[in-house]
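As the structure is a prediction and not an experimental result, all values here were calculated from the model. We use all heavy atoms of the structure for the numbers below, so side chains are in, but hydrogens, waters and symmetry mates are not.
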Amino acid sequence: MQFSKSTGYALHALIHLAHKERGHNVGIKELSALLGVSESYLSKIMSKLRQDGIVRAVTGASGGYELARSADQITFLEVIHVVEGRQNLYECFNMNTQRHQLFYEAGAAEPEASDRSGKECLVKKVMNGAEQQMYQYLQQHTIQGVLDSASFESNGAVIKK
């Protein structure tokens, strides 16, 4: 499984915004230069984050973007869902033939995990469990948590934030 580059850019942009002092907006030009991505591409990502209430766009001469809420309230999972969308990572393929029936279990608990014959895909059960553990891990990590564990250089001195 691999997340898109857009997710990486979104997370890095949010970390940069969180690192700035409150009330100091960051323009799209500055953000795109820092991340090494085009302004138009980053603008699309920031627009998604704005629509979901993660960032706020500030207009005017000193306009730009700022976090719409505290960095400790923005989870990695939330950002991933905004950028990637909410979909299952694994879907069982159609195994209606006799030789593949061992991969199914009668009496599916979840209707979406079932094929037309009402049997649950055993592989999907394992994959769903792994997906839930990953989501739980990503839900526990916030933008602020990354800042808290990182060191930043300022005028040659290393500062632990």
Side-chain angles (χ1 to χ4, degrees), residues 1-93 109-113 120-161:
M1 189 204 106
Q2 185 174 1
F3 295 113
S4 69
K5 288 182 181 180
S6 296
T7 294
Y9 290 133
L11 290 166
H12 282 91
L14 292 172
I15 289 166
H16 183 74
L17 292 177
H19 185 249
K20 287 288 188 183
E21 291 181 33
R22 192 81 173 143
H24 287 84
N25 308 317
V26 181
I28 196 70
K29 187 173 243 162
E30 179 184 345
L31 272 177
S32 67
L34 281 166
L35 299 175
V37 63
S38 75
E39 290 179 38
S40 62
Y41 181 58
L42 187 58
S43 289
K44 292 175 186 173
I45 295 168
M46 298 305 288
S47 178
K48 285 183 178 183
L49 295 173
R50 185 185 54 74
Q51 289 171 355
D52 248 54
I54 295 174
V55 298
R56 178 175 27 246
V58 179
T59 58
S62 62
Y65 289 98
E66 65 182 7
L67 296 181
R69 57 185 194 271
S70 173
D72 65 352
Q73 296 175 350
I74 303 170
T75 69
F76 272 55
L77 182 62
E78 177 183 16
V79 175
I80 290 166
H81 280 161
V82 168
V83 177
E84 303 281 340
R86 301 177 197 277
Q87 73 264 353
N88 290 328
L89 299 179
Y90 181 82
E91 290 297 328
C92 266
F93 50 91
E110 303 173 30
E112 69 274 0
E120 185 175 8
C121 176
L122 297 176
V123 173
K124 185 166 177 62
K125 286 173 64 174
V126 173
M127 298 303 273
N128 280 349
E131 184 176 337
Q132 290 307 311
Q133 286 186 9
M134 180 186 69
Y135 284 167
Q136 182 179 11
Y137 181 84
L138 292 169
Q139 182 67 35
Q140 293 170 351
H141 288 81
T142 64
I143 298 300
Q144 186 63 50
V146 171
L147 288 175
D148 290 346
S149 66
S151 295
F152 296 96
E153 287 192 29
S154 175
N155 299 328
V158 176
I159 300 170
K160 185 78 172 174
K161 187 157 178 162

So do the side chains of Y90 and V126 get within less than 4.5 Å of each other, counting heavy atoms only?
no
Take H16 and Y65 through the ring pair (Phe, Tyr, Trp, His ring centres under 6.0 Å) test and state the conclusion after the steps.
CA-CA 11 Å; H16 183 74; Y65 289 98; over 10 Å; no
With rounding to the nearest 0.5 angstrom, report the CD to CG distance, E30 to L35.
10.0 Å
I15 vs L147, test: side chain to side chain contact (heavy atoms under 4.5 Å, CB included). Steps then yes/no.
CA-CA 7 Å; I15 289 166; L147 288 175; 3.8 Å; yes
Can you list, pair by pair, the side-chain donor-acceptor contacts under 3.5 Å of residues 42-53, counting residues two or more places apart and other chains?
unit_1	atom_1	unit_2	atom_2	d
S43	OG	E39	O	2.8
K48	NZ	V83	O	3.4

Looking at NE2 of H81 and CZ of R86, how far apart are the two atoms once the value is rounded to the nearest 0.5 Å?
5.5 Å
Could you grab the distance from atom NE2 of H12 to atom CG of L17, nearest 0.5 Å is fine?
13.0 Å
Short side-chain to backbone donor-acceptor contact, Q139 and T75, under 3.5 Å
no
S6 vs Y41, test: side chain to side chain donor-acceptor pair (under 3.5 Å). Steps then yes/no.
CA-CA 9 Å; S6 296; Y41 181 58; 2.5 Å; yes
Pair E131-M127, side chain to side chain contact (heavy atoms under 4.5 Å, CB included): steps then yes or no
CA-CA 6 Å; E131 184 176 337; M127 298 303 273; over 6 Å; no
Separation of L138 CG from F3 CZ (nearest 0.5 Å)
5.5 Å
Using side-chain heavy atoms (C-beta onward) and a distance below 4.5 Å, is I74 in contact with R69?
yes
Measure the spacing between CG of L77 and NE2 of H141 and express it to the nearest 0.5 Å.
12.0 Å
Return the minimal non-hydrogen interatomic distance between H24 and K20, and the atom names on each side.
O-CB, 4.1 Å
Before you tell me yes or no, could you show the steps for I80 and Y135 under side chain to side chain contact (heavy atoms under 4.5 Å, CB included), namely the whole-Å CA-CA distance, both residues' side-chain angles and the distance that decides it to 0.1 Å?
CA-CA 10 Å; I80 290 166; Y135 284 167; 5.8 Å; no
Distance-minimising heavy-atom pair for F76 and T142:
CE1-O, 3.7 Å
